[in-house]
Every structure is written in C-alpha cells, then in structure tokens.
Amino acid sequence: MEAIKKLRDKKIFNDQSIVESMIQKNWMGSPVIKRSLLRVKQVGENECMCEELGSADGKAYKIKYVNILTVDGQEPNELAAVYGLGPKTARFKRKNTE
C-alpha cells in the first residue's frame with residue numbers, strides 16, 4: 001500500500017494505469033470472486049475507482065490499495081524499486097550466471 005501511495009505521489013500510478021485485483025461478479029445469480037484487469041478512472045487517498053477491461057457494462061469498482069495485486073503488470077513494490085521509490089527487491093539482486 002505504501003508503494004502505491006509513493007507511485008501516486010510521483011504521478012506514476014494515475015488515472016491511466018492498469019491494475020489487477022479480485023472483484024466480485026455475478027454469474028448465473030451467484031456471486032463469484034474473479035481476478036481481473038481494471039483500468040483506473042479516479043485515484044483517491046486510500047482507494048481508486050476502476051472499471052473492468054473488456055466489459056461493456058460500465059460498472060465501477062472501488063478498489064482499496066491493499067487489494068491491488070499488480071500495477072501496469074508489475075507488483076507495486078517492484079515497480080516502486082524500478083523508480084527508486086523503495087528498497088530493491090530480490091529480483092534486482094539476482095546474478096547473471098550466463
């Protein structure tokens with residue numbers, strides 16, 4: 001959550017970002033939890049308003065920053081590390097043995 005707030009403050013996480021999160025949808029009358037890609041429409045203090053990619057219903061979902069799995073295809077902590085906003089993750093510490 002802190003990584004997303006840092007990305008938001010530097011305008012890297014904004015209203016054009018794509019996030020991945022779990023949302024609840026209805027399938028044949030029953031609620032189903034689904035992992036989905038969402039386009040951010042509005043950024044708030046602790047949550048953002050998103051709509052599902054590829055869905056024509058136009059339904060908006062309020063997603064808390066804690067529930068965001070990826071931002072633009074990367075985990076929030078790794079993306080923050082790329083921009084120097086957080087500590088380097090294990091991915092940066094790998095040695096190339098080839």
Does any part of the side chain of [Y], heavy atoms only, come nearer than 4.5 Å to the side chain of [X], both counted from C-beta?
X	Y	value
Tyr61	Lys25	yes
Asn26	Val32	no
Ile63	Ile23	yes
Glu75	Glu20	no
Lys5	Asn46	yes
Leu69	Val19	no

Same cluster for [X] and [Y] if Ile/Leu/Val/Met/Phe/Trp/Tyr side chains link at under 4.5 Å?
X	Y	result
Ile33	Ile68	no
Ile4	Tyr83	yes
Trp27	Met22	no
Leu85	Met1	yes

Distance-minimising heavy-atom pair for [X] and [Y]:
X	Y	answer
Lys11	Asn14	O-ND2, 3.3 Å
Val71	Pro76	CG2-CG, 4.2 Å
Ser21	Leu38	CB-CD1, 4.1 Å
Leu7	Ala80	CD2-CA, 4.0 Å

Determine whether a donor-acceptor pair (N or O, by modelled atom type, separation under 3.5 Å) exists between the side chain of [X] and the backbone of [Y].
X	Y	result
Tyr65	Cys48	no
Asp15	Val40	no
Ser55	Glu52	no
Lys41	Cys50	no
Arg8	Gly44	yes

Original post:
Looking at Lys59 and Glu51, does any basic side-chain N land under 4.0 Å from a carboxylate oxygen?
Top reply: no
Atom [atom1] of [X] and atom [atom2] of [Y]: how far apart are they, to the nearest 0.5 Å?
X	Y	atom1	atom2	answer
Lys6	Lys10	NZ	NZ	10.5 Å
Arg39	Gln16	CZ	CD	7.0 Å
Thr70	Ile18	OG1	CD1	9.5 Å

